[in-house]
Amino acid sequence: MPACCLRQLFFADTPCSYLTKQNQSLEFYKTCGQIKGDQFLLQDFHKNNIEFDEHGLACIIAIQKAFYINKKGETRRTVFFYTDCDYFEDGYARGYENGKMVYIDKKLNVKLKPDFEWLLPFDYDHAIVCNGLFETIQDGEHRLMKNGKCGLIDKKGNSVVEALYPIGDREAFDVYINSYNHCPK
């Protein structure tokens, strides 16, 4: 079974998991470190056991929270997306700083701190950002968010569409992107 599927089956019951260097497979541990705010302190035994990707990053899932770790041992909490760490899109992934959502780069540096409660991934150099009273609904195995007030920012963090639209209403964002020649290829 692929690692993503194994993680999905076991992450709820396993305090820690990551891809190992020895056999390049997903391994599960009762403990591998300690969560301190938005950081993860990895135990020494695990430091030489982690398989890093081509960017020098690895994903650790610990107690249903996701963390990127680099080869220096620096960590950054990120969005727990499906069964893994949030993915990098247009050079940014979603992370946390002091409990607030931010955008990070592959060096784990905070690049943007939009003042919004929920951030979506960048796409065509723009991202949907939202505030408000969200409602979460179950749709099969997925949880979807509804309501709130959402807008669109560019990669500099500038608001290009005011946060007035419900989270599911993508028409205003698509109109903006298409109007400024950012049409999908």
Side-chain angles (χ1 to χ4, degrees), residues 2-5 7-8 11 18-19 38 40 52-62 64-70 74-132 134-185:
C4 66
C5 300
R7 189 174 288 200
Q8 184 177 11
F11 81 87
Y18 59 83
L19 194 65
D38 293 329
F40 187 76
F52 293 95
D53 67 13
E54 66 274 9
H55 304 288
L57 295 175
C59 178
I60 296 174
I61 304 299
Q64 297 184 18
K65 291 184 180 175
F67 296 87
Y68 274 115
I69 185 169
N70 64 22
E74 299 166 331
T75 63
R76 170 78 60 190
R77 184 169 169 221
T78 185
V79 171
F80 185 61
F81 184 74
Y82 188 51
T83 60
D84 214 343
C85 288
D86 195 40
Y87 55 94
F88 285 89
E89 189 67 44
D90 284 353
Y92 294 161
R94 296 168 294 167
Y96 294 93
E97 182 175 75
N98 299 321
K100 291 189 168 206
M101 290 188 80
V102 296
Y103 288 104
I104 62 172
D105 65 12
K106 291 179 182 171
K107 293 182 180 181
L108 305 183
N109 296 318
V110 173
K111 298 310 279 184
L112 288 176
K113 297 180 183 183
D115 193 21
F116 288 89
E117 297 170 44
W118 186 249
L119 309 176
L120 276 71
F122 271 89
D123 193 19
Y124 301 103
D125 294 329
H126 293 84
I128 296 173
V129 292
C130 306
N131 279 329
F134 301 110
E135 178 186 352
T136 305
I137 59 170
Q138 196 70 32
D139 183 19
E141 65 184 46
H142 302 283
R143 288 183 12 215
L144 305 174
M145 289 175 64
K146 290 178 62 176
N147 302 327
K149 296 293 181 189
C150 302
L152 194 67
I153 62 169
D154 63 18
K155 284 190 80 171
K156 293 179 182 176
N158 299 317
S159 176
V160 295
V161 174
E162 193 174 351
L164 300 172
Y165 303 92
I167 200 167
D169 183 2
R170 298 185 70 96
E171 185 175 337
F173 312 128
D174 292 342
V175 166
Y176 176 87
I177 289 171
N178 290 338
S179 298
Y180 289 90
N181 244 351
H182 296 106
C183 298
K185 296 176 184 175

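Just so it is clear, the values below take in all heavy atoms, side chains as well, and ignore hydrogens, waters and symmetry mates.
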With a 4.5 Å limit on heavy-atom distance, are the side chains of [X] and [Y] in contact?
{"X": "Glu97", "Y": "Arg76", "value": "yes"}
{"X": "Ile104", "Y": "Asp86", "value": "no"}
{"X": "Arg94", "Y": "Phe81", "value": "yes"}

Pairs where residues 151-161 contributes a residue and the test side-chain hydrogen bond (donor to acceptor under 3.5 Å, both in side chains) is met, not counting sequence neighbours: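 Every side-chain hydrogen bond (donor to acceptor under 3.5 Å, both in side chains) pair that includes a residue of residues 151-161, provided the two are not neighbours, is Asp154-Asn158.
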
Salt bridge (Lys or Arg N to Asp or Glu O under 4.0 Å) partners of Lys106, counting only residues at least two apart: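 Listed in chain order: nothing, the list is empty.
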
Between [X] and [Y] (side chain of the first, backbone of the second, donor and acceptor by atom type, cut-off under 3.5 Å), is there such a pair?
{"X": "Asn70", "Y": "Gly56", "result": "no"}
{"X": "Thr75", "Y": "Phe40", "result": "yes"}
{"X": "Asn131", "Y": "Lys149", "result": "no"}
{"X": "Gln138", "Y": "Gly140", "result": "yes"}

Nearest heavy atoms of Pro121 and Tyr87, plus distance in Å: CG-OH, 3.4 Å

Atom of Phe116, atom of Cys130 and distance for their closest heavy-atom approach: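 It is CB-O, 3.5 Å.
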
Residues in side chain to side chain contact (heavy atoms under 4.5 Å, CB included) contact with Asp38, at least two apart in sequence or another chain: Arg77, Tyr96

To the nearest 0.5 Å, how far apart are [atom1] in [X] and [atom2] in [Y]?
{"X": "Tyr103", "Y": "Phe88", "atom1": "OH", "atom2": "CZ", "answer": "13.0 Å"}
{"X": "Thr78", "Y": "Ile61", "atom1": "OG1", "atom2": "CD1", "answer": "9.0 Å"}
{"X": "Trp118", "Y": "Met101", "atom1": "CH2", "atom2": "CE", "answer": "4.5 Å"}
{"X": "Ile128", "Y": "Leu119", "atom1": "CD1", "atom2": "CG", "answer": "11.5 Å"}
{"X": "Cys85", "Y": "Leu57", "atom1": "SG", "atom2": "CG", "answer": "9.0 Å"}
{"X": "Asp84", "Y": "Tyr68", "atom1": "CG", "atom2": "OH", "answer": "7.0 Å"}

Full working for side chain to side chain contact (heavy atoms under 4.5 Å, CB included) between Asp90 and His126: CA-CA 9 Å; Asp90 284 353; His126 293 84; over 6 Å; no

